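Structure first, then comments.
What you see is a predicted model, and the numbers here were worked out from it, not measured in a lab.
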Amino acid sequence: MSPLAQPPVHAESAQAAQTLAESVVQSVDWLAIAPPTVAAVVGLAVLVADLFTDDRRKALLGWVSVTGLAVSLLALLPLLDADRATFCLTGDPDVCSYTADRFTLVIQFLVLGGALLAALLSMTALKDDRKNLPEGEFWFLLLSSAAGAALLPAARDLATLVVALEVASLPAFALVGIRHGDRRSSEAALKFFLSSVTATAVSLLGISFVYATTGTLYLTQIADRVENVDGQLHTLTQAGVVLTLIGFAFKTAAVPFHFWVPDTYVGAPLPVAAYLSVVGKAVGFSGLILVTVVALPSYADVWGPALAVLAALTMTVGNLGALRQGATRAYSAVRLLAWSSVGQAGYLLVPIAAAAYADDTADAEKAVGSTVAYALMYAAVNLGAFAVAALVGRTKSLNRLSDYRGLYASSPLSALLLAFFLLCLAGLPPGVIGLFAKVTVFSAAVDAGLGWLTVVMAVNVVIALFYYLQWTALLFRAPEGDTAAAPRPHRVPAPLTLALALTGIVGIALSGAPQLVLRFADIGLF
């Protein structure tokens with residue numbers, strides 16, 4: 001037979017290979033992934049530009065980074081119309097690795113907005129301490145962490161979730177210890193690194209157990225299959241759920257996995273501490289919501305009571321730790337904010353625990369929406385408090401609570417803003433948004449029948465009132481000694497002024513129309 005008459009075997013095999021490739025390759029919706037992608041690309045651009053930028057022009061890298069984060073925020077606007085998904089299974093287009101739904105957009109707004117404000121604070125810190133803080137590396141690490149944090153709420157499979165969590169966490173270790181020649185910074189970075197690595201290892205072990213029993217990494221498929229796990233594997237699945245929860249408890253700084261927080265906040269540059277207090281918590285809580293409410297609703301009887309107990313312990317230990325901070329102790333203001341963030345994490349855990357007791361998906365969404373609403377309030381006012389702390393820290397390097405005495409005499413606007421932020425955190429007027437957010441959390445606990453937890457919350461609110469009001473009162477007391485020795489007003493750098501203005505405007509606007517928070521947090525997870 002002539003070779004020309006043979007069937008076109010090579011052509012058929014090539015066509016089969018092409019068909020197989022098309023069935024495996026997933027399409028990419030570039031608009032959906034734009035927010036984290038823009039942050040990552042700008043981070044790489046800043047790292048390369050740093051190699052060719054003269055030391056006198058390093059400040060430009062900061063403005064490029066701020067602009068990149070602002071563009072990432074603007075990239076959320078085209079996604080508001082409808083839910084979008086990408087990296088979907090070719091055989092099942094409803095099962096995707098990345099989803100830009102309402103929940104994703106709200107958390108991405110919180111994360112990127114928090115990173116933008118932290119970047120504004122960082123510009124002043126880098127200018128004041130240029131010798132010890134390398135600017136190019138700092139901006140690359142901050143943008144890389146922000147990109148990972150923005151990716152996490154969109155993750156809808158466990159592999160993407162873990163990768164996003166590590167992309168957000170690994171640069172944060174370096175940011176904590178980036179200050180050259182500072183022993184406290186190095187110790188804080190080491191403690192943060194060891195605790196986070198432990199959390200990751202525990203989470204991965206739990207995730208591997210869940211994957212072994214369900215045979216899938218996609219959250220929606222896990223939710224369907226975990227209900228029908230063979231009886232012999234039931235114990236393994238429960239162990240996987242518990243280990244996964246423990247891993248995320250580290251990330252959210254829940255008690256007893258909170259020990260790294262105070263030293264890390266004190267050792268890190270103050271803008272990094274502000275970033276961790278807001279963006280780090282948003283990462284942990286969004287991951288916790290996705291794992292529990294979306295992937296494991298059938299094991300609510302396991303994670304619901306566990307999170308309720310963690311919430312009670314976290315808010316109690318955090319508030320008692322803040323209460324113990326002496327006014328003259330070095331870095332006592334930063335330590336108080338650190339312990340306060342632990343206490344606030346307890347409040348954020350309550351609605352997630354309440355979702356376990358919901359009768360249907362609508363009630364579960366409402367409960368989770370309370371956590372998102374509280375997180376939005378906390379992000380704005382806590383970053384504002386850190387901004388004032390950064391302002392005071394420029395002249396009072398030890399940043400003690402006693403350094404804030406008489407702040408109203410030297411800087412009236414800063415004192416009024418800090419008083420407003422502290423009252424928001426306490427939940428007292430005129431900080432109406434803080435009161436409104438706490439009421440939504442109380443409502444979620446009451447609707448879930450967690451009466452004992454509401455009592456614990458009420459006691460902790462009273463404890464928190466004491467140290468928040470004590471700090472607020474210091475601002476308006478007469479300065480110690482001769483009034484002529486009181487600190488004189490000094491010019492506030494433009495980036496720090498902008499950060500204070502943005503947080504103040506957001507806090508006041510939300511206090512005037514607190515219903516906007518719940519409307520903005522009307523999420524759709526199912």
Side-chain angles (χ1 to χ4, degrees), residues 110 113-114 116-118 120-122 124-125 261-262 265-266 268-282 318-319 321-323 325 327 331-345 347-348 374-394 396 399-405 407-408 411-428 430-435 437-438 464-476 492 496-508 510-511:
L110 191 159
L116 176 61
L117 289 169
L120 290 172
L121 297 180
S122 300
T124 302
V261 173
Y265 282 29
V266 170
L270 200 58
V272 176
Y275 175 83
L276 292 176
S277 72
V278 172
V279 178
K281 274 189 172 45
N319 285 324
L323 192 64
Q325 299 307 309
Y331 310 106
S332 54
V334 180
R335 285 187 177 275
L336 189 147
L337 288 173
W339 283 108
S340 167
S341 73
V342 174
Q344 298 289 342
Y347 301 132
L348 288 164
Y374 197 95
L376 290 169
M377 178 282 300
Y378 168 75
V381 300
N382 202 63
L383 284 169
F386 268 102
V388 178
L391 175 63
V392 174
R394 299 186 74 223
K396 306 286 186 179
N399 222 320
R400 299 169 296 189
L401 288 170
S402 58
D403 294 333
Y404 291 78
R405 179 164 183 165
L407 181 63
Y408 181 77
S411 181
L413 185 57
S414 299
L416 289 174
L417 280 174
L418 180 56
F420 173 72
F421 295 139
L422 293 175
L423 291 176
C424 284
L425 290 171
L428 288 177
V432 177
I433 184 58
L435 175 63
K438 280 185 168 57
L465 283 177
F466 182 81
Y467 63 79
Y468 284 132
L469 291 178
Q470 191 176 43
W471 191 358
T472 304
L474 273 176
L475 304 175
F476 301 98
V492 183
L496 187 53
T497 302
L498 184 57
L500 284 168
L502 287 174
T503 52
I505 290 170
V506 171
I508 293 170
L510 292 179
S511 291

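Of the possible donor and acceptor atoms, none in the side chain of K438 sits under 3.5 Å from a partner among the backbone N and O of Y374. Between the N399 side chain and the A389 main chain, a donor and an acceptor come within less than 3.5 Å of each other. In this structure, the side chain of Y265 does not engage the main chain of W339 through any donor-acceptor pair within 3.5 Å.
The structure places CG of L496 at 8.0 Å from OG of S414, a figure rounded to the nearest 0.5 Å. The distance from the CE atom of M377 to the CG atom of L510 is 10.0 Å, given to the nearest 0.5 Å. Atom CG in L323 sits 6.0 Å away from atom CZ in F466 (nearest 0.5 Å). Note that CG of L422 and CG of L417 are 11.0 Å apart. Values are rounded to the nearest 0.5 Å. The line from CG of L407 to CG of L413 is 10.0 Å long, rounded to the nearest 0.5 Å. In this structure, D403 CG and S332 OG are separated by 7.5 Å, a value rounded to the nearest 0.5 Å.
The shortest side-chain heavy-atom distance between S341 and V261 falls under the 4.5 Å cut-off. Taking 4.5 Å as the limit, every side-chain heavy atom of V279 sits out of range of all side-chain heavy atoms of L110. Taking the side chain as every heavy atom from C-beta outward, L416 and Y408 approach each other to under 4.5 Å. Between S402 and L474 the shortest side-chain heavy-atom distance does not fall below 4.5 Å. When side chains are defined from C-beta on, Q325 does not count as touching Y467, because their heavy atoms never get closer than 4.5 Å.
Under the 30°/60° scheme for interplanar angles, the aromatic rings of W471 and Y404 are found to stand perpendicular.
The two residues C424 and S511 make their nearest non-hydrogen contact at SG-OG, 4.4 Å. The nearest pair of heavy atoms linking A322 to S340 is CB-N, 4.2 Å. Of all heavy-atom pairs between L475 and A419, the closest is CD1-N, 3.8 Å. Nearest approach of Y468 to Q344, heavy atoms of both residues: OH-NE2, 3.1 Å. Closest heavy-atom contact between L337 and A385: CD2-CB, 4.2 Å. In terms of heavy-atom proximity, A499 sits nearest to L121 at CB-CD2, 3.8 Å.
Looking at residues two or more places apart in sequence or on another chain, you find a side chain to side chain contact (heavy atoms under 4.5 Å, CB included) between T503 and L117, L383, F421.
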Original post:
Could you go step by step and tell me if Y275 and S122 meet the side-chain contact (heavy atoms from CB on, under 4.5 Å) rule?
Top reply: CA-CA 10 Å; Y275 175 83; S122 300; over 6 Å; no
**OP:** Kindly determine whether R394 and T124 satisfy side-chain contact (heavy atoms from CB on, under 4.5 Å), including the steps that lead there.
**Re:** CA-CA 9 Å; R394 299 186 74 223; T124 302; 3.7 Å; yes
